[in-house]
Amino acid sequence: QMILRKFFDFEDPWKIDSNVLLSNIKLIEELEIKEAKDYLTALYKKLFFWNWNIKRKIREIIDKWK
């Protein structure tokens, strides 16, 4: 749980490094860490519309894990 928080806990959404975040999300998907689903869902809701590629990837993973 602590590792997942580090992957997805951003104090300031304006300072999110999109490349790092997308790499983290892909790693979560590749390792099939389904415990991250709640974090992904929260992140999806927190991200701004211009992060559409990250939001699309999150939605893809969540749908796949249903």
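Note: hydrogens, waters and symmetry copies are ignored here, and every other heavy atom, side chains too, is used. This one's a predicted model, so the numbers in the text were calculated from it and none came from an experiment.
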Report task. Kindly give the heavy-atom pair with the smallest separation between Phe48 and Lys55, and that separation in Å. Result -> O-CD, 3.8 Å

Rounded distance [0.5 Å steps], [atom1] in [X] versus [atom2] in [Y]:
X     : Y     : atom1 : atom2 : value
Trp65 : Ile28 : CH2   : CD1   : 6.5 Å
Lys66 : Ile62 : NZ    : CD1   : 8.0 Å
Arg56 : Leu22 : CZ    : CG    : 9.0 Å
Ile58 : Lys37 : CD1   : NZ    : 13.0 Å

**Report entry** Heavy atoms from other residues, nucleotides or ligands near CD of Glu60 exceed 12 (cutoff 6.0 Å)
**Finding:** yes

**Report entry** Note, Leu47 side chain near Leu21 side chain (heavy atom, < 4.5 Å)
**Finding:** yes

Requested in this report: Answer yes or no: is there a side-chain heavy-atom contact under 4.5 Å between Ile25 and Leu40?
Outcome: yes

Requested in this report: Give the intermediate values and the outcome of salt bridge (Lys or Arg N to Asp or Glu O under 4.0 Å) for residues Glu29 and Lys26.
Outcome: CA-CA 5 Å; Glu29 178 185 28; Lys26 288 179 179 179; over 6 Å; no

Query - Shared hydrophobic cluster for Leu31 and Ile54 (ILVMFWY, side-chain gaps under 4.5 Å) - result: yes

